[in-house]
**Student:** 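Just passing along the structure, written as structure tokens.
Order of listing sets the numbers, starting from 1, for every ligand and every atom in it. Because only heavy atoms are used, hydrogens play no part in the values below, and waters and symmetry mates are left out as well, while side chains stay in.
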Amino acid sequence: MTDGARVATRPGATSREAATHCPYCALQCGMTLRETDGRTEVLPRQFPTNRGGLCQKGWTAAELLDHPERLTTPLVRDPVTGEQRPASWDEALDRVAAGIRTVQSGHGRDAVAVFGGGGLTNEKAYALGKFARVALRTRHIDYNGRWCMSSAAAAGIRAFGVDRGLPFPLEDLARAETLLLVGANPAETMPPLLRHLTDQRQRGGRLIVIDPRVTATARQADLHLQPLPGTDLAVANALLHIALTEGWLDREYLATRTTGFDAVRRTVAGYWPAEVERLSGVPVADLEATARALATAGSAIILTARGAEQHAKGVDTVTAFVNLALALGLPGRPGSGYGCLTGQGNGQGGREHGQKADQLPGYRKIDDPAARAHVAGVWGVPADDLPGPGVPAYRLLDSLGTADGPRALLVFGSNPVVSAPRAARIESRLRDLDLLVVADFLRSETAALADVVLPVAQWAEEDGTMTNLEGRVLRRRALREPPPGVRTDLAVLAGLATRLDAPVDFPTDPRTVFTELRRASAGGPADYAGVTWDRIDAASGVFWPCPDPDGPDTPRLFADRFPTPDGRARFHPVTHRPAAEEVCADYPLHFTTGRVLAQYQSGTQTRRVAALRRAAPGAFVELHPDLAARLGVTDGEEVRVVSRRGELRAPARVSPTIRPDTVFAPFHWAGAARANSVTNDAVDPVSGMPEFKICAVRVERVES
Ligand SMILES: Nc1nc2c(c(=O)[nH]1)N[C@H]1C(S)=C(S)[C@@H](COP(=O)(O)OP(=O)(O)OC[C@H]3O[C@@H](n4cnc5c(=O)[nH]c(N)nc54)[C@H](O)[C@@H]3O)O[C@H]1N2
Ligand SMILES: Nc1nc2c(c(=O)[nH]1)N[C@H]1C(S)=C(S)[C@@H](COP(=O)(O)OP(=O)(O)OC[C@H]3O[C@@H](n4cnc5c(=O)[nH]c(N)nc54)[C@H](O)[C@@H]3O)O[C@H]1N2
Ligand code: SF4
Ligand SMILES: [Mo]
């Protein structure tokens with residue numbers, strides 16, 4: 001069943017190898033898994049994104065395969081004791097199906113919701129969307145990609161007509177004379193990507209970083225802009241203001257490849273650099289140097305990541321940088337353009353195949369009659385039976401268990417108890433449900449609340465495809481079978497679909513699912529019709545769109561036209577506004593959150609890996625020495641970060657690398673150190689992205 005080949009290493013030993021990719025982030029570094037006499041090791045593998053490199057998380061990924069805390073039997077909550085206890089698969093799946101029937105017969109189809117994840121393979125994301133629409137017939141499905149790159153996705157669609165995080169291969173970064181990173185810290189979040197940045201600088205390129213902290217990435221930059229969190233939009237408009245004033249715009253490109261610049265010109269005219277300096281703290285000289293470096297370079301790339309995007313104005317902030325890139329004529333030019341650094345392993349593919357509230361496979365809109373007809377045809381159901389759009393992730397989770405919200409939730413590939421904004425509230429919503437079902441291979445904090453936990457296979461035990469941050473579809477290849485007692489996500493969905501008398505088949509073989517996905521995506525914006533597993537195997541992946549099995553794929557978009565009705569990119573004027581919550585006397589500091597190298601996301605996986613736990617044992621609160629002195633806090637002392645929503649407790653990390661008016665904490669930990677106890681649940685009105693990157697807090701000493 002697996003593609004792992006048996007090879008002999010030393011006499012007497014048999015070993016099995018699989019050429020696959022790391023289970024974690026969107027860089028999808030190439031790795032070879034080798035199992036010798038029952039021991040599995042990770043070897044780095046040359047792939048265009050990682051070029052033979054791996055970070056510490058990748059190196060240690062195999063440790064979870066045989067981890068003592070691995071789930072190998074379903075758990076059901078005992079109605080008498082209230083505790084989770086082991087159960088057979090039949091008992092567990094029967095219980096889920098019965099619970100769904102009860103909830104739906106009492107409260108309607110939409111009373112059951114599904115929450116997916118950007119770590120699921122394309123096949124699983126597709127099957128999950130189909131399961132929600134066809135087996136449950138609920139409109140309520142959304143996923144954690146809403147927390148991730150939804151603001152960049154919305155801005156990309158609005159400007160370019162399509163959302164592919166990077167519209168060019170990663171290797172193009174090295175060709176940019178100027179590279180601007182906005183709210184991205186790849187030195188910690190995608191370390192092997194730095195090989196491309198090193199190349200870029202060795203070729204004489206310049207790196208500019210915008211981040212409120214002097215990160216490991218910022219330290220490598222030729223120029224570091226250190227703005228107040230939440231002011232990137234104003235900074236971008238000021239950069240465009242300067243370029244406009246200096247006459248640096250690409251007139252020819254504006255005239256032939258774009259529409260709508262006049263409104264943007266009028267808007268940015270008001271963004272005087274001196275005023276933006278007062279607002280953001282970025283000196284006028286640095287704004288000017290940045291604008292000059294971008295505008296006068298032969299080639300330039302602007303990349304955003306979560307620092308710019310995870311705001312209640314995330315879509316407009318990304319739009320401001322897209323406007324800048326368009327005005328300079330960058331998108332579609334060699335070694336130039338705008339891109340977003342997608343985060344999760346399948347963050348790109350996960351947003352294309354229908355686990356988004358408003359979406360059908362192929363990045364189609366669920367309210368488009370032609371899209372509904374096409375996909376319903378592939379699924380073999382009447383188009384009228386497909387539900388309409390649901391609501392974005394936060395609204396969905398926040399409505400659970402309330403009078404008009406869903407009463408049952410199925411979670412595949414997310415741990416919202418740790419990762420959702422205002423997490424204490426979401427946790428209590430989850431507790432209010434009639435039925436919570438979690439499929440996971442570890443007992444995450446969310447799984448611990450579940451009525452039924454379904455133990456599923458891990459990445460090394462399954463075949464499938466992932467689409468990395470470049471829009472490159474690649475193959476996940478199984479090394480071995482799942483352990484006894486464990487099923488794949490696809491098998492779980494099939495088992496439930498049968499019990500729910502679903503009108504159509506839910507295949508469990510990922511290759512079969514992919515063939516169906518290709519048909520469902522055919523003709524859509526993210527067209528996979530020409531992508532086959534064999535074709536991926538024969539090359540280093542296949543870039544979408546790829547409509548024809550015998551035609552080319554698309555490593556680079558926008559060379560001649562944009563996929564908009566008139567072929568032109570669209571400007572949108574955007575204006576700065578304050579964060580949803582501003583500082584005040586009671587909460588005088590800005591709080592921002594993010595990541596550290598050795599932990600991944602909600603930490604379910606990486607907190608259980610010994611080497612990673614040693615490298616990053618717990619949360620911390622980063623604060624400037626001046627602020628620490630004012631508060632009387634010493635390095636390592638336990639502090640409390642308090643917002644209107646809750647508090648977190650962790651040791652202080654006193655460091656001059658952060659602005660004195662801002663404190664930072666990573667979000668990987670649960671319990672008292674949970675950063676999301678503090679964060680704000682304000683969301684972007686267009687994308688539904690929560691404001692993870694700024695809220696108002698005070699910091700207090702925790703007297704012993
Ligand atoms: N080690 C590790 N790597 C990961 C992950 C992980 O959990 N751990 N997760 C993966 C995923 S899903 C994602 S989405 C990516 C995220 O990758 P990144 O976006 O690189 O990571 P973050 O740490 O969330 O945010 C980046 C930076 O934004 C800065 N920032 C905060 N507020 C602002 C602001 O208002 N403006 C600007 N300009 N910057 C600001 C922070 O100081 C931080 O250094 O990482 C992926 N890789
Ligand atoms: N404060 C703050 N909060 C944030 C962020 C931030 O920057 N600041 N970043 C946000 C971002 S960008 C993201 S992406 C989210 C991520 O946060 P989450 O959505 O919680 O993502 P993970 O921690 O990766 O959770 C994945 C869970 O699914 C399990 N899992 C992994 N693979 C599979 C699979 O194939 N099948 C199944 N069934 N389960 C699987 C894992 O064991 C884990 O328990 O956090 C968001 N939350
Ligand atoms: S950079 Fe991302 S894909 Fe590469 S090894 Fe690290 S976590 Fe895995
Ligand atoms: Mo993410």
**Student:** Which protein N, O or S atoms lie under 2.8 Å from atom 6 (Fe) of ligand 3?
**Tutor:** C55 SG
**Student:** So that I can tick it off, tell me whether R607 and E445 are bridged by a salt bridge, with the cut-off set at under 4.0 angstrom between side-chain N and carboxylate O.
**Tutor:** yes
**Student:** If hydrogens are left out, which of W459, F441, F412 has an atom nearest to atom 32 (N) of ligand 2, that is, the closest non-hydrogen atom?
**Tutor:** F441
**Student:** Calculate, to the nearest 0.5 Å, the distance between atoms OG1 and CG belonging to T304 and L181 respectively.
**Tutor:** 10.0 Å
**Student:** Nearest to atom 39 (N) of ligand 2 by heavy atom, G347, G119, G343, G413: which?
**Tutor:** G413
**Student:** Are any of the N or O atoms of F667 closer than 3.5 Å to those of ligand 2?
**Tutor:** no
**Student:** Evaluate S602 for polar contact with ligand 2, using N/O atom pairs at a separation under 3.5 Å.
**Tutor:** yes
**Student:** Any salt bridge between R351 and D163, counting N to O under 4.0 Å?
**Tutor:** yes
**Student:** Out of P421, P666, S419, whose heavy atom sits nearest atom 47 (N) of ligand 2?
**Tutor:** S419
**Student:** Output, in order, the C-alpha distance, side-chain angles, deciding distance and verdict of side-chain contact (heavy atoms from CB on, under 4.5 Å) for F591 and V678.
**Tutor:** CA-CA 9 Å; F591 178 60; V678 174; 3.7 Å; yes
**Student:** Got the closest protein heavy atom to atom 22 (P) of ligand 2, with its distance?
**Tutor:** Q601 CB, 3.6 Å
**Student:** Tell me, please, which residues at least two apart from R429 pass side-chain hydrogen bond (donor to acceptor under 3.5 Å, both in side chains).
**Tutor:** D398
**Student:** Identify, with sequence neighbours excluded, every residue that meets ring-ring contact (aromatic ring centres under 6.0 Å, His included) alongside Y600.
**Tutor:** Y24
**Student:** Find the distance between CG (L43) and CH2 (W59) and round it off to the nearest 0.5 Å.
**Tutor:** 7.0 Å
**Student:** Can you list everything that forms a ring-ring contact (aromatic ring centres under 6.0 Å, His included) with H21? Sequence neighbours excluded, please.
**Tutor:** F47
**Student:** If you have a sec, work out which protein heavy atom is nearest atom 1 (N) of ligand 2 and how many Å separate them, to one decimal?
**Tutor:** N676 OD1, 2.8 Å
**Student:** Looking only at distance, does D489 have an N or O less than 3.5 Å from an N or O of ligand 2?
**Tutor:** yes
